[in-house]
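To start, the structure under review is shown below, and the notes come after it.
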Amino acid sequence: MQRDMPTGPRPKDVYFFSTCLVDLFCPEAGLDAITLLEREGIAVHFPEDQTCCGQPAYTSGFGERARAVAQAQMQLFPNDWPIVVPSGSCAGMMRHHYPRLFADDPLLKARAEALAEQIFEFSEFLLDVLKVHWRDSGKPATVTLHTSCSARREMGTHLHVRALLAQLSGVNVVTQSHESECCGFGGTFSLKHPSISSAMSGDKVDALKETGAEAFISADCGCMLNLNHTLQKRGDSFQGKHLATFLRERLAAAGEKS
Amino acid sequence: MNAPENTQTLSFIPASEFKQRTTEAVADAHLRQSFRSAMDFLMAKRAAQFPDADALEAQRALAEHIRRYSLSRLPELLEKLERQLTANGIQVHWAENAEQANAIIVGIAQKHSAELMVKGKSMVSEETELNHAMEAAGIAALESDMGEYIVQLDGEKPSHIIMPAIHKTKQQIARLFAEKVPGASYTESVDELIGIGRAVLREKFMAAEIGLSGVNFAVAETGTLCLVENEGNGRMCTTVPDVHIAITGIEKVVEKLEHVPPLLNLLTRSATGQIITTYFNMISRPRQPGELDGPKEVHLVLLDNGRTQAYADEQMRATLQCIRCGACMNHCPVYTRIGGHAYGTTYPGPIGEIISPHMMGLAATHALPTASTLCGACGEVCPVKIPIPDLLIRLRAEATHDARPGHAPLVGQGAARSALMDFVWAGWAALYSRPALYRAFVWLATRFRFLTPPMQSGWTVSRTPLKPAPRTLREQLAGRHLKT
């Protein structure tokens, strides 16, 4: 999971791959992520033809369908700028699984491997590439963190999110029990095995609430939607926020430009 | 060692039954609580053994290498093992499937006019359902591992490969013993319960003509069968009766004795958080002239039962690296919720999801590889680095597709194939690989979001419906001149 980080001057331009979930269900998380990147003086480019990384078909065993979708995405990044992805899961797909998806095609595999090197999960990009140090003067808040499995086990970025939150002096981060355990979403798993998925999501929601935090923070919209909709079904007002949204709000609260 | 034609040894489990069982299991608060606390305990025990992540990585890499090396030379090592065991006076038998394995063992028992077999813990004998075969031949087979003894007494199967009775509470065992063990009175004292079991078993060890055991590592170069255990019952089974029969899967062979310690080291730490088990048995030959104890005859039954199917495929061969520590199930959030019985297979949890399709065929097992969020916890803790999530995806593909050109079909290949799913994914790919179509789709989805169905299949069982945002990100960005 460890990777060599680009050295030299900060990139001036990045691509933003929003992911299909952010585009359609959590656009505010995407806007907030872009706002934060722009705040760092970076030109953010959004290839208009982007759709989805292809993960749903890939993990369902329909690799040939995932390939068609992945191949369409791979054409959208002509420059070697970093590609920032506001999701550990989709970033993991593009960084680690694209090269495998095209293992039997030398040209596409080479393209996939080059692309993989351009992929950065949002928090990873902020911390390791931009090396941000932000000052927080928002109101004191207690939050808990939900780390996604892909962030933890594929991208190694769960600690990045924690480190970014640690920069916020007004924010107290409390740790849930079984933090490393999956929230039960699992893409099509939640549709195929609703009872197991519900049991896992229910336990995760309980663990997050037991921390006494006022909200949970997640860097993955898949987990966040799963948990927020579980909470809503329970009639619970406790909700999760995407990391980008939370960071943007904290900085805006500090009177800086948003 | 061809793939077995008969893979129906174990009871057939339709996918619908798996779903039914998992639904019942998650609704059982008591079961959920017992597995949660047992798995938490085991995870903590393991974690305490590996304080240094880098050191663990080095050990895992070595263990993986040993297992891959052994498998890369499997046919040769098995022949070497047979030669060496034979030279040591141990009789070697080959079984292509469970039926053959059971027939071999029943045959040996009948030759000795045996009435009783005592068994040490052996998951392979669970796999072949040996106890039923022995019973059918009129020979009693008694489990002597305490956990196995408990589940046998209750007519159940193990719910965990290392801790077979982990699903049972102290109180349940107390009631079971009081009911089923002659002369036993009700007690919830664990020491007393174990005492009751031991008293029964002690007598049986002396009476049994046959002792059966599993094998953790079979060393080809020396012809040594290694057996890892904690209760001493394994040693009793392999030394007290006149005849010892060991049974194991063909993948358990390693080349050299020095290949054992790195594997053993990770096996016990990963499984129970022990540095070493109480007993480690190395069995090399039957009793020699002038020796006072030990079995007069030793047999080894080597079972295929679908393993060669996994072996034949470069990627799926990794399945056979497994040393049966059970860490994948201890760390699996699905196993923790549903317990071992819901799987309906000998091997539950993540390893069961990737090995059972080879043993039982995909027709019976295609639901199992789908019962995972691909969270990766199993692969992360696996001491021999089996890429379990990748193998789950691979089996999902094999269950829903015909064999790829140049690949032999798996047993039950394409069993979960459905015209509907083919259509759904074809449509999905068409939509998401055509940007104009996708844009039209999301535009409509946002404009008609009030039509969002209130029931969305499994999603809304415990969640409110997913509803598109009023405007997509791309639409909101279009106003900000951010397009490239």
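All values derive from a computational prediction rather than experimental measurement. Just so we're on the same page: letters track the sequence lines, and every chain starts at 1.
Atom CZ of B:Phe441 sits about 6.5 Å away from atom CG of A:Leu24, to the nearest 0.5 Å. Separating the NZ atom in B:Lys467 from the CG atom in A:Leu225 is a distance of 14.0 Å, to the nearest 0.5 Å. To the nearest 0.5 Å, atoms OG1 (B:Thr464) and NE2 (A:His229) are separated by 5.0 Å. A:Glu64 contributes atom CD, which lies 3.5 Å from atom NE2 of B:His401 (distance to the nearest 0.5 angstrom).
Interface check for chain A: of the options B:Pro333, B:Cys375, B:Gly458, the most heavy-atom pairs under 4.5 Å are formed by B:Cys375. Per-residue counts of heavy-atom pairs under 4.5 Å with chain A were compared for B:Met421, B:Glu475, B:Arg439; the largest is that of B:Arg439. Among the candidates A:Leu227, A:Asp203, A:Val22, the residue making the largest number of heavy-atom pairs closer than 4.5 Å to chain B is A:Asp203. Chain A forms more heavy-atom pairs under 4.5 Å with one residue of B:Leu431, B:Val461, B:Leu374, B:Thr446 than with any other, namely B:Val461. Contact tally against chain B (heavy-atom pairs below 4.5 Å) for A:Cys20, A:Pro56, A:Ser180, A:Gly30: the top residue is A:Pro56. The candidate from B:Ala399, B:Pro465, B:Ala436, B:Ala342 with the greatest count of non-hydrogen atom pairs under 4.5 Å with chain A is B:Pro465.
Of the atoms belonging to B:Tyr432, heavy atoms from both backbone and side chain fall under 4.5 Å from chain A. Residue A:Glu181 touches chain B through its side chain alone, counting heavy-atom pairs closer than 4.5 Å. Residue contact with chain A, scored on non-hydrogen atoms closer than 4.5 Å, involves the side chain of B:Val26 exclusively. Of the two parts of B:Leu466, the backbone and the side chain both hold a non-hydrogen atom closer than 4.5 Å to a non-hydrogen atom of chain A. For chain A, the nearby parts of B:Ala377 are the backbone and the side chain; heavy atoms of each come within less than 4.5 Å. Residue A:Phe16 touches chain B through its side chain alone, counting heavy-atom pairs closer than 4.5 Å. Interface remark: B:Arg434 contributes no atoms to any contact with chain A (heavy atom separation under 4.5 Å). For A:Glu28, no part lies near chain B; criterion is any non-hydrogen pair under 4.5 Å. Looking at B:Ala27, neither its backbone nor its side chain comes within 4.5 Å of chain A, counting heavy atoms on both sides.
In terms of heavy-atom proximity, A:Ala57 sits nearest to B:Trp428 at CB-CZ3, 3.5 Å. Summarising the geometry of A:Cys182 relative to B:Thr373, their closest heavy-atom pair is SG-OG1, 3.2 Å, with the distance given to 0.1 Å. Of all the heavy atoms in A:Thr51 and B:Pro435, the pair that sits closest is CG2-CA, 4.5 Å. Of all the heavy atoms in A:Ala68 and B:Ser433, the pair that sits closest is O-CB, 3.7 Å. Taking all atoms of both residues into account, the shortest heavy-atom contact from A:Leu31 to B:Leu473 is N-CD1, 3.6 Å.
Taking 4.5 Å as the limit, every side-chain heavy atom of B:Tyr438 sits out of range of all side-chain heavy atoms of A:Gln50.
For residues 35-42 of chain B, a heavy-atom distance under 4.5 Å to chain A picks out B:Arg36, B:Asp40, given by residue number.
Pairs engaging residues 183-199 of chain A under the side-chain hydrogen bond (donor to acceptor under 3.5 Å, both in side chains) rule: A:Ser60-A:Thr188, A:His193-B:Thr370, A:Ser195-B:Thr23, A:Ser197-B:Arg463, A:Ser198-B:Ser462 [sequence neighbours left out].
Partners of A:Ala219 according to the side-chain contact (heavy atoms from CB on, under 4.5 Å) rule, which considers only residues two or more places apart in sequence or in another chain, are A:Glu121, A:Val161, A:Leu243.
Counting only distance, with no hydrogens or angles, the side chain of A:Arg65 and the backbone of B:Val424 share no donor-acceptor pair below 3.5 Å. Using modelled atom types, no side-chain atom of B:Arg474 and backbone atom of A:Phe46 make a donor-acceptor pair closer than 3.5 Å.
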Stepwise side-chain contact (heavy atoms from CB on, under 4.5 Å) check, A:Phe189 with B:Val334:
CA-CA 11 Å; A:Phe189 169 83; B:Val334 172; 4.0 Å; yes
Donor-acceptor pairs under 3.5 Å, side chain of residues 386-396 of chain B to any protein atom, not counting sequence neighbours: which ones?
{"residue": "B:Asp390", "atom": "OD1", "partner": "A:Arg100", "partner atom": "NH1", "Å": "2.8"}
{"residue": "B:Asp390", "atom": "OD2", "partner": "A:Arg100", "partner atom": "NH1", "Å": "2.7"}
{"residue": "B:Arg394", "atom": "NE", "partner": "B:Glu398", "partner atom": "OE2", "Å": "2.6"}
{"residue": "B:Arg394", "atom": "NH1", "partner": "B:Asp313", "partner atom": "OD1", "Å": "3.0"}
{"residue": "B:Arg394", "atom": "NH1", "partner": "B:Asp313", "partner atom": "OD2", "Å": "3.4"}
{"residue": "B:Arg394", "atom": "NH1", "partner": "B:Gln315", "partner atom": "OE1", "Å": "2.9"}
{"residue": "B:Arg394", "atom": "NH2", "partner": "B:Asp313", "partner atom": "OD2", "Å": "2.8"}
{"residue": "B:Arg394", "atom": "NH2", "partner": "B:Glu398", "partner atom": "OE2", "Å": "3.1"}
{"residue": "B:Arg396", "atom": "NE", "partner": "B:Pro369", "partner atom": "O", "Å": "2.9"}
{"residue": "B:Arg396", "atom": "NH1", "partner": "A:Thr59", "partner atom": "O", "Å": "2.8"}
{"residue": "B:Arg396", "atom": "NH2", "partner": "B:Pro369", "partner atom": "O", "Å": "3.0"}
{"residue": "B:Arg396", "atom": "NH2", "partner": "B:Ser372", "partner atom": "O", "Å": "2.9"}

